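Right, one structure below, let's go through it.
Treat the numbers as computed from the prediction; the structure is a model and nothing was measured.
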Amino acid sequence: MAIKVTMPRLSDTMTEGTVATWLKKVGDKISEGDILAEIETDKATMEFESFNEGTLLHIGIQAGETAPVDSLLAIIGNEGEDISALLAGGDAPAAEAPKAEAAPAAEVKTETAAPAKAAAVLPKGVVVVTMPRLSDTMTEGTVATWLKKVGDAVAEGDILAEIETDKATMEFESFNEGTLLYIGIQEGNTAPVDSLLAIIGPAGTDISGIAENYTAGGAATASAPATEEKAAPAAEKATEATADTSSNGGRILASPLAKKIASDKGIQLTQVKGSGENGRIVKSDIENFTPSAQTQPAATSAAKPQEATAPAAPKVFVPAGEVFTEEIKNSQMRKIIAKRLAESLFTAPHYNLVIEVSMDEAMGARATINTVPDTKVSFNDMVIKACALALKKHPKINSQWKEDAIIINHHVNIGVAVAVEDGLVVPVLKFTDAMSLSQIGASVRDLAGRAKNKKLGPQEMEGSTFTVSNLGMFGITEFNSIINQPNSAILSVGAIVEKPVVKNGQIVVGNTMMLSLACDHRTIDGATGAQFLQTLKQYIESPVTMLA
C-alpha cells in the first residue's frame, strides 16, 4: 500500500526545506535505509533516508524547489499502484515503523512534526536545548553521560552529552556558544522527545522560571509572547558516535551517504579529510578523494568478540535468612529486544534443522591461513563465508515474508549477532559473498569491538538478509535461535568438540561442530532448509571448495 513521505522538520525553527538533490528517480526500487534525497536547511544539507520499501511512485518536490514542512515530498508503494487518490489529497496510511533500528538524527521522520518550540520569553542570547528525536520511532531518550557540567563554557561543535536510543549511543553536539546554565535531564534518566534537556546562554544570565515554563512534551505553559531564538536543529545536534575510528583513537565523523559511497568504492574513511562542519566527511569529499600510495592498516585493534570479557558485576550484600530482590531498570535496548523477539517468535512459525559437520579440514585450513603475516581468521569467519556462498546457491533461504509476496534477496548481507552489556546487537556485513576470509575477519572484529562500546551507527545494523549467531566460544555445543526478522532464517553455531567418530569403518578421534538452522515455515520448506545445510556442510568440511 502506498505511503506518503512528507518534508521533514529538521530543526525547532525550520518551517520549510529545499531539495538539494534527488538520489532516486520515479520507478526506482527503494529499500529500507536507502538515501532518497539531500534536504537543505538553514544550517546544513542532510541525507534523507527511507524507512519504507517499495517503488518510488511520485516526487512531489523537484530538486532545487523549496516547500513548507509536511508538504508532500514523495510517494512510495508497489510498482504500478494507483496513487491518484493520494495525489488528490486523500489520506495516506501511516508509515510502517522501522524495525526498531535507531537511525542517525539526519535520517528524519516522515510523519508528524515535532511539538513547537516553547513559547516563553527568553533573555537575550539564551537558547533552550530539547531532547532530540533521533529516529522515526523514537519517543524518548536516555542521557547516558554528560560531558559538560553547569557553569562550563560551551563552544559550537562541543559534545554536550551522549544520548542513548534503542540500539546506539549518539553524541549530542552543540551548535550554540555560551555557558551551560541548566541541565534538565540528569545522567541515567529518560525523558520524552522535546523535553527540556539544557539551557545555554551568557554566563550569569538569570534563567529562573524558564525550566518551570516547559512541560514534559516541550510546550511552554507561559502565556507571554515568544522571542524567536535560533535553536540548534535536532538532526544536527546529534552526530553518530560511530562510523570509524582513527589509529590514534579519535572519532571520524561522516555523513551516512558519505559512508555508503566510501563503502561501495572501498575507500577507508581514515584516509579522507572532511570539509564539513567540525571536519565531518561529506559526499563531495569521497567523490573527490584520490587514494595515496600509503596502505591503510587493517583494523586489528578492535576488541575481539571471543576475547572480550564482560565487566565483573558489583557484589551485593544479601542479608542471611531474608528475602532480597534487586530491580534493574530496563534500558531502551532491552525493551526493543524484548518487543522484537516476542513479535518474531509469535508471528513466524519457527522450526529447526540440525546438522553435525566435521571440522578437521577446517582446522587445518585455518592454521595454514593464519601463517600469513597480518592475517587472523576465526572459525566463525569461515562459517560466515560458507553461509554467504551457500545463500547464493539457495536464494530462497535469503528471503523475507510479506503478506502479498515473498521477497527473494539476490544480494547477501549477513548479520552477526554480538553480545553487549545491555543485550544483543546485530551489525551487518554488506555484500558478504564478495568478501575474502581476511576481509570478513577484520570487519567482524571491527564491528564487534565498536558494538561493545556502543559506537555502531544505526545504518551498520540495517539491511541484513541472513543472521549468524555463535555461542561456541562459551562452550555451548548446540542451541536454537529466534529468527531476526525480516530475515527468514538464522544459523546457530556451537562449539567444536573432540570426540570419537567413524571414518572409513574405523573409530578415530575427530572434531565436530553442531549447526542449527531456525527457519520461517512461511518462506522456507523443510527440504529447502535441508538442502542449504548440505551445501553449507560441504563448504565447511572442505574449505578449499570456497575458492572454486
Side-chain angles (χ1 to χ4, degrees), residues 1-28 30-77 81 83-98 102-117 130-139 175 193-194 218 228 230-238 255-257 282-283 458-459:
M1 188 175 289
I3 292 172
K4 274 186 176 181
V5 180
T6 57
M7 173 66 75
R9 187 171 184 264
L10 303 182
S11 78
D12 287 349
T13 55
M14 177 178 169
T15 58
E16 62 182 18
T18 301
V19 177
T21 309
W22 277 101
L23 302 178
K24 298 287 185 180
K25 61 182 183 296
V26 172
D28 283 358
I30 307 295
S31 299
E32 186 176 323
D34 283 356
I35 306 298
L36 292 178
E38 293 182 343
I39 306 295
E40 183 181 341
T41 70
D42 54 343
K43 287 210 174 182
T45 299
M46 304 180 197
E47 290 90 8
F48 184 89
E49 179 172 335
S50 174
F51 282 94
N52 304 284
E53 294 184 347
T55 300
L56 184 57
L57 303 176
H58 175 74
I59 289 177
I61 305 170
Q62 300 300 320
E65 292 182 358
T66 301
V69 167
D70 290 327
S71 299
L72 176 62
L73 182 66
I75 297 177
I76 296 174
E81 185 174 351
I83 59 172
S84 56
L86 296 181
L87 293 175
D91 290 335
E96 284 187 14
E107 298 163 10
V108 293
K109 60 185 177 180
T110 59
E111 298 177 61
T112 59
K117 192 178 186 300
T130 57
M131 173 66 76
R133 187 171 187 256
L134 305 181
S135 78
D136 280 1
T137 54
M138 177 177 171
T139 58
F175 277 80
V193 167
D194 289 324
E228 211 174 298
K230 215 169 198 178
E236 296 175 42
K237 289 185 268 189
S255 71
L257 181 59
V282 295
K283 181 179 74 168
Q459 76 285 349

Under 3.5 Å, which donor-acceptor pairs link side chains of residues 58-67 to any protein atom two or more places apart or in another chain?
unit_1	atom_1	unit_2	atom_2	d
Glu65	OE1	Gln62	N	3.2
Thr66	OG1	Thr18	OG1	2.6

Inset, instruction - Check whether any side-chain heavy atom of Val26 lies under 4.5 Å from a side-chain heavy atom of Thr55, and answer yes or no. - result: no
Calculate, to the nearest 0.5 Å, the distance between atoms [atom1] and [atom2] belonging to [X] and [Y] respectively.
X: Leu56; Y: Lys24; atom1: CG; atom2: NZ; answer: 9.0 Å
X: Lys4; Y: Leu57; atom1: NZ; atom2: CG; answer: 13.5 Å
X: Leu86; Y: Ile75; atom1: CG; atom2: CD1; answer: 4.5 Å
X: Ile76; Y: Asp34; atom1: CD1; atom2: CG; answer: 9.0 Å

Legend entry - Audit row: Phe48, Leu73, side chain to side chain contact (heavy atoms under 4.5 Å, CB included) steps and yes/no: CA-CA 11 Å; Phe48 184 89; Leu73 182 66; 4.0 Å; yes
Legend entry - Heavy-atom donor-acceptor pair, Glu81 side chain to Ala2 backbone, under 3.5 Å: yes
Inset, instruction - Check for a donor-acceptor pair, side chain of Ser50 on one end and backbone N or O of Asn52 on the other, with a separation under 3.5 Å. - result: yes
